[in-house]
Amino acid sequence: MNKSSFGLIGLGVMGKNLSLNIAEKGHSLSVYNRTIEGEEKVVNEFLELQEEHMRINGFTSLNNFIDSLEHPRKILIMIKAGKAIDQLIDLLTPLLSEGDILIDGGNSHYQDTKRRQQFLKEKKINFIGLGISGGEEGARKGPSLMPGGDLQSYDMVAPVLESIAATDIRGSKCCSYIGPDGSGHFVKMVHNGIEYGEMQLLAEVYALLSVSRSNEEIKELFVEWNSGNLNSYLLKITADILTAKEGNRYVLDLILDKAGNKGTGSWSTKAAFDLGTANTMMASAVFARYISSFKDKRSALSKLITGSSDSDSNIHNKTIKKAYEFARIINHQQGFQLLNEASKLYKWRLNLSEISRIWTNGCIIRSELMNNCISYFSNNHDLFENSNIIETLKANEQAIKSVLINGLTNRVPLDVFSAANNYWIAMTTERLSANIIQAQRDYFGAHTYQRVDASNHNFFHTNWHKL
Ligand SMILES: NC(=O)C1=CN([C@@H]2O[C@H](COP(=O)(O)OP(=O)(O)OC[C@H]3O[C@@H](n4cnc5c(N)ncnc54)[C@H](OP(=O)(O)O)[C@@H]3O)[C@@H](O)[C@H]2O)C=CC1
Ligand SMILES: O=C(CO)[C@H](O)[C@H](O)COP(=O)(O)O
């Protein structure tokens, strides 16, 4: 049997579709899935999916899989993130040779990726942390790829990765070397943080509009928005979701209102805490999911509130559209600021314009705004340095205020809209109330403070009890 040029481990949702994508691009491929009770058929069932022109060999023995690969071996791991990756690396390392390249395409934590790179480097095995976005369809038809690690190793796998990636409007591949260490997985994590903000915004728009509009009316509005500058993949799929029916019932009405999560949103938020950036929208989106999960408690407490409903269904389509546009800009501003701070701290030299470009197709957060981010970030690192952005935010400030008032009146929680508004107001306010915080800190803990009438380098303490 001829040796395969590429290997893939893990035939779950992503692994299966990536395998078909890789084989379709003409690469010979070996695939492996662990064999546990009840899963013996995974590999054989997958092989039945391959089309005639594809060259895929399937294995249930890890040794045979490894033996089937050309040297240096190039293996994409598509299994559950976390401990499973370390366990697999432990099984693989005795079987691998110097110069082989492992690629972790899962949603692994960027610090785990860095640790694994260092561990494998001692064994002269290369390790690439590859962020992948696009879900099931993207994996099959063309995902957005965010590879991070050693550049020379990336160059060796680039022909395969670039061949399977989505293509942007200029015909370039949505795959670009991100930088060293775990930078690829960091960038994917922030992609998901932005994704959380975008998803929660749409959920909040839906919640407000559904006070007075039918699903069909909301869908019509979303379809209209999607034909203009608010175009995005998430808006499109939300429009589709709104009117999907099982029999005569909306599928949406049958879905329990408890949002799940696999961790990347909270990791991004934790990274924001570590790096000192204000990622209030992704944090609010994570907390909104957590609050939704307290279903029993919410149900019980909701019984206490019945009967006290003020409501105002008079929110105009144009108003909510402007507020949505406003909040999306803030969400992207915050997400890219997180990338910016990480880039400075870890010396990754992240290219925000290029990251925007590879996020314009194949990935879940592709949108017209992301297209515009390519040029916004070609000249600076901050959306707030762009005068058009500032003008749009100023023009939409009244709209977000009306939306928030409408949410309060209708008892609709608007976590991310509120976070967007508060961020904008605070960031455009010269003097905040942080002087109170500093005074309190100094009062109880002698933490000292800077003064408006002295240099920033000097710190002062007041003996508050003696004043
Ligand atoms: N689904 C999505 O939209 C996206 C997912 N990802 C990431 O890609 C990775 C794979 O996701 P997805 O395909 O959705 O997951 P699935 O749950 O569909 O598949 C998981 C795969 O991991 C294997 N696996 C699980 N535990 C172990 C273990 N301990 N040792 C070896 N293999 C194991 C499973 O094997 P078995 O069949 O034997 O259980 C299966 O092949 C994850 O990190 C995910 O976060 C990234 C982007 C998008
Ligand atoms: O990476 C992805 C999309 O980009 C995965 O679908 C991920 O699972 C989404 O995150 P969560 O499950 O926490 O909503």
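In listed order, ligands and their atoms are each counted from 1. These numbers were taken from a predicted model, which means no experiment stands behind them.
In summary, the atoms of ligand 1 found under 4.0 Å from a heavy atom of Gly106, numbered by their order in the structure, are 7 (C), 8 (O), 9 (C), 43 (O). If you number the atoms of ligand 1 from 1 as listed, the ones under 4.0 Å from a heavy atom of Leu11 come out as 41 (O). For ligand 1 and Gly10, the ligand atoms under 4.0 Å from any heavy atom of the residue are 41 (O). Close approach of ligand 1 to Ile132 (heavy-atom distance below 4.0 Å) involves ligand atoms 46 (C), 47 (C). Ligand-side atoms of ligand 1 in range of Lys188: 47 (C), range being under 4.0 angstrom from any heavy atom. Atoms of ligand 1 lying under 4.0 Å from any heavy atom of Ala81, numbered from 1 in the order shown and given with element: 43 (O). Short contacts between ligand 1 and Gly135, defined as distances under 4.0 Å to a heavy atom of the residue, involve ligand atoms 3 (O). If you number the atoms of ligand 1 from 1 as listed, the ones under 4.0 Å from a heavy atom of Lys80 come out as 22 (O), 25 (C), 26 (N).
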Check: every ligand 2 N/O to protein N/O pair under 3.5 Å:
from, atom 1, to, atom 2, distance (Å)
ligand 2, 1 (O), Asn107, ND2, 2.9
ligand 2, 1 (O), Lys188, NZ, 2.6
ligand 2, 1 (O), Asn192, ND2, 3.0
ligand 2, 4 (O), Lys188, NZ, 3.4
ligand 2, 4 (O), Asn192, OD1, 3.2
ligand 2, 4 (O), Glu195, OE1, 2.8
ligand 2, 13 (O), Tyr196, OH, 2.5
ligand 2, 13 (O), Lys262, N, 2.7
ligand 2, 14 (O), Arg289, NH1, 2.8

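Of the charged side-chain nitrogens involved, at least one lies within less than 4.0 Å of a carboxylate oxygen, so that Glu341 and Lys344 count as a salt-bridged pair. Here Lys347 does not pair with Asp181 in a salt bridge; the nearest charged N to carboxylate O distance is not below 4.0 Å. In summary, Arg357 and Glu354 engage in a salt bridge, as defined by a charged side-chain N under 4.0 Å from a carboxylate O. Using a cut-off of 4.0 Å between Lys/Arg side-chain N and Asp/Glu carboxylate O, Asp274 and Lys270 are scored as not salt-bridged.
Asn406 and Asn410 form a side-chain donor-acceptor contact under 3.5 Å, judged by distance and modelled atom types alone. Side-chain polar atoms of Arg55 and Asn2 form no donor-acceptor pair below 3.5 angstrom. Residues Thr243 and Lys219 have side chains that bring a donor and an acceptor to within less than 3.5 angstrom of each other. Side-chain contact of Glu204 with Gln200: a donor-acceptor pair under 3.5 Å is present, judged by distance alone.
Separating the CG atom in Asn261 from the CZ atom in Arg289 is a distance of 6.0 Å, to the nearest 0.5 Å.
One option in Lys16, Lys83, Arg34, His191 has a heavy atom closer to atom 29 (N) of ligand 1 than any other, and that option is Arg34. The option from Leu62, Ile79, Asn33, Thr35 that lies nearest to atom 37 (O) of ligand 1, judged by heavy atoms, is Asn33. Of the listed residues (Leu91, Asn107, Val13, Thr264), the one carrying the non-hydrogen atom nearest atom 46 (C) of ligand 1 is Asn107.
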Pairs of donor and acceptor atoms involving the side chains of residues 143-152, under 3.5 Å and at least two apart or interchain, shall be tabulated with distances.
from, atom 1, to, atom 2, distance (Å)
Ser144, OG, Ile358, O, 2.6
Asp150, OD2, Ser153, N, 3.2
Asp150, OD2, Ser153, OG, 2.8

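Annotation: Met14 places an N or O atom under 3.5 Å from an N or O atom of ligand 1; distance criterion only.
Trp424 and Phe326 have perpendicular rings, their planes meeting at more than 60° on a 0 to 90° scale where under 30° would count as parallel. Aromatic ring orientation, Phe336 versus Phe377: tilted (interplanar angle from 30° to 60°).
Residue contact check for ligand 1: Leu88 places no non-hydrogen atom closer than 4.0 Å to it. Met78 counts as a contact of ligand 1, since one of its heavy atoms falls under 4.0 Å from the ligand.
Ser232 approaches Tyr324 most closely through the heavy-atom pair OG-OH, 4.5 Å.
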